[in-house]
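Working notes for the structure below.
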Protein chains: 2
Amino acid sequence: MDNPFAPPGHDHASCVLSALDAAEAVCARRGERLTPLRRRVLELVWRGHRPVGAYDLLAMLQHERGRVAPPTVYRALDFLCEQGLVHRLDSLQAFIGCGQAADHQDGREDGRHRAHFLICRDCGIAVEVRDGQLDGAISHLAGRAGFAISDETIELSGRCADCQNEWIMGA
Amino acid sequence: MDNPFAPPGHDHASCVLSALDAAEAVCARRGERLTPLRRRVLELVWRGHRPVGAYDLLAMLQHERGRVAPPTVYRALDFLCEQGLVHRLDSLQAFIGCGQAADHQDGREDGRHRAHFLICRDCGIAVEVRDGQLDGAISHLAGRAGFAISDETIELSGRCADCQNEWIMGA
DNA sequence: ATTCATTTTGTTATGTTATATCATTTTGTG
DNA sequence: CACAAAATGATATAACATAACAAAATGAAT
């Protein structure tokens with residue numbers, strides 16, 4: 001089966017650019033403002049496919065613009081999360097760029113949407129996944145209990161296929 | 001459908017006692033020590049079916065035994081989590097007693113096991129749920145990606161049936 | 001262009017959650 | 001009893017997050 005952790009020929013520079021473009025488009029459509037600061041924080045979050053801590057982002061911002069305080073970062077992250085451009089991984093207390101911002105399939109009035117993750121504890125990469133069977137099971141479970149879901153935290157930690165292979169190969 | 005948030009005729013005192021008994025049994029079988037401190041922390045976690053913060057527990061302990069420092073609480077919680085007697089809810093940064101400690105169905109060598117939650121944001125009650133369809137969807141999803149799961153964080157927040165009804169009734 | 005209300009950002013201080021480290025006490029074992 | 005291992009106590013600090021208020025930037029209406 002295809003391994004979402006190792007998309008063949010991944011060009012990260014264009015990956016980031018398309019995320020930023022999608023963010024511009026999403027904000028424009030909603031009448032929200034992707035200010036330079038917010039855009040820069042989004043770009044920093046997208047440095048890679050590993051979740052980033054708020055204080056890591058803070059350090060990066062301080063490195064490039066001197067004194068920056070925590071609220072500056074948290075406010076930008078709050079905005080980006082509200083717009084569904086970034087997700088917070090509760091199990092790691094860290095943030096990651098949303099891979100489906102452009103699609104906004106199941107989008108609510110705001111930009112938030114269901115987000116489920118596979119997180120490799122070895123390489124640190126986190127992948128946002130979408131699975132109809134999982135969505136169905138969740139809806140069914142909640143429905144049976146008469147429970148109205150407003151937020152889902154679904155984070156599966158373990159080892160991705162590559163990292164399992166590395167141990168086997170003795171890398 | 002039956003509502004897990006409102007088990008009819010719930011006797012919480014005996015609910016707590018059975019949880020403590022189960023904990024004693026589980027530890028005895030594994031050769032682990034449920035010391036007075038650990039047992040007391042477990043009992044405090046079981047004050048209700050609402051998740052409890054570590055610092056809330058700390059305050060309760062301080063109230064009954066004077067100076068107590070955070071590591072005292074966190075070490076007890078670490079032990080209880082390792083034994084699967086307590087779960088940490090990442091989305092709340094809080095802890096809750098495990099409702100299936102006695103069953104230890106899918107138990108690993110240690111006491112940890114799959115734990116999925118419905119959390120009512122109105123009444124604060126969290127219920128541990130078990131659903132074969134959900135388990136199946138998760139296993140299938142991971143299998144397709146070649147991903148080996150070691151930990152699952154599955155927390156569904158929203159409103160339980162009772163709290164939805166209260167608004168309708170105008171309570 | 002100027003005013004005005006709103007939004008965003010800066011700044012300072014503090015709150016909340018969690019862990020590292022080393023000392024002391026308790027417990028199980030030979 | 002002596003010893004090693006486990007648990008707890010105690011001190012300090014790290015890591016994550018927000019409250020509150022001031023200043024600046026933005027957009028809309030005149």
Side-chain angles (χ1 to χ4, degrees), chain A residues 23-24 27-28 30-45 50-83 85-96 110 124 153 155, chain B residues 23-24 27-28 30-45 50-83 85-96 110-111 153 155:
Chain A
E24 295 281 7
C27 289
R30 295 194 189 120
E32 298 285 350
R33 298 163 54 193
L34 189 63
T35 62
L37 173 65
R38 290 165 174 175
R39 186 186 158 94
R40 181 59 180 150
V41 169
L42 180 58
E43 196 176 3
L44 290 172
V45 167
R50 290 174 175 80
V52 187
Y55 276 72
D56 293 337
L57 294 167
L58 179 60
M60 296 180 213
L61 282 179
Q62 285 170 334
H63 190 262
E64 59 191 33
R65 38 178 97 178
R67 275 187 264 287
V68 180
T72 298
V73 172
Y74 279 102
R75 284 189 291 225
L77 288 170
D78 285 349
F79 172 83
L80 295 168
C81 287
E82 276 167 17
Q83 298 305 320
L85 301 170
V86 161
H87 296 293
R88 181 177 194 276
L89 296 177
D90 289 335
S91 64
L92 300 176
Q93 296 178 174
F95 300 83
I96 189 164
D110 60 356
T153 298
E155 300 168 19
Chain B
E24 295 281 7
C27 289
R30 295 193 188 123
E32 298 286 349
R33 298 164 55 194
L34 189 63
T35 62
L37 173 64
R38 290 165 173 175
R39 187 186 159 93
R40 182 59 182 149
V41 169
L42 180 60
E43 196 175 3
L44 290 173
V45 167
R50 291 174 175 78
V52 188
Y55 276 73
D56 293 337
L57 294 167
L58 179 59
M60 297 180 211
L61 283 179
Q62 285 170 336
H63 189 262
E64 59 191 35
R65 39 177 97 180
R67 274 185 266 287
V68 180
T72 298
V73 172
Y74 280 101
R75 283 189 291 227
L77 287 170
D78 285 348
F79 172 84
L80 295 168
C81 286
E82 275 167 17
Q83 299 305 319
L85 301 170
V86 161
H87 297 292
R88 181 178 194 274
L89 296 178
D90 289 334
S91 63
L92 300 176
Q93 296 178 177
F95 301 83
I96 189 164
D110 59 357
T153 298
E155 299 168 20

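Predicted model only: the values in this text are computed from it and were never measured. Residue numbering restarts at 1 for every chain, and letters A, B, ... go by the order of the sequence lines. Worth knowing before you read on, the calculation uses all heavy atoms, side chains too, and leaves out hydrogens, waters and symmetry mates.
The nearest whole Å value for the distance from the CZ atom in B/F79 to the C1' atom in D/dA5 is 15 Å. The interatomic distance linking A/L58 (CG) with D/dA15 (P) rounds to 13 Å, in whole Å. Rounding to whole angstrom units, CG of residue B/L61 and C1' of D/dA10 are separated by 15 Å. For the pair B/Q62 CD and D/dG9 C1', the computed distance is 13 Å after rounding to whole Å.
A donor-acceptor pair shorter than 3.5 Å can be found between the side chains of A/D90 and A/T153.
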Report all side-chain donor-acceptor pairs from residues 52-63 of chain A shorter than 3.5 Å, counting only partners two or more places apart or in another chain.
from	atom 1	to	atom 2	distance (Å)
A/D56	OD2	A/G53	N	3.3
A/Q62	NE2	A/V68	O	2.9

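Listed by chain and residue number, B/E24 satisfy the salt bridge (Lys or Arg N to Asp or Glu O under 4.0 Å) test with B/R39 (two or more places apart in sequence, or in another chain). Scored by the side chain to side chain contact (heavy atoms under 4.5 Å, CB included) test, B/C27 finds B/E32, B/L34, B/F79, B/L85 as partners (sequence neighbours excluded).
Contacts of residues 66-76 of chain A with DNA chain D (heavy atom under 4.0 Å): A/P70, A/P71, A/Y74, A/R75.
Mapping A/R33 and B/T35 onto DNA chain D by nearest heavy atom places B/T35 closer to the 5' end of the strand.
Taking the 5' to 3' direction, DNA chain C first and last meets chain A under 4.0 angstrom from a heavy atom at C/dT7 to C/dT12.
Computed from C1' positions of five pairs at each end, the angle between the two local axes of the helix from C/dA1-D/dT30 to C/dG30-D/dC1 equals 30°, rounded to 10 degrees.
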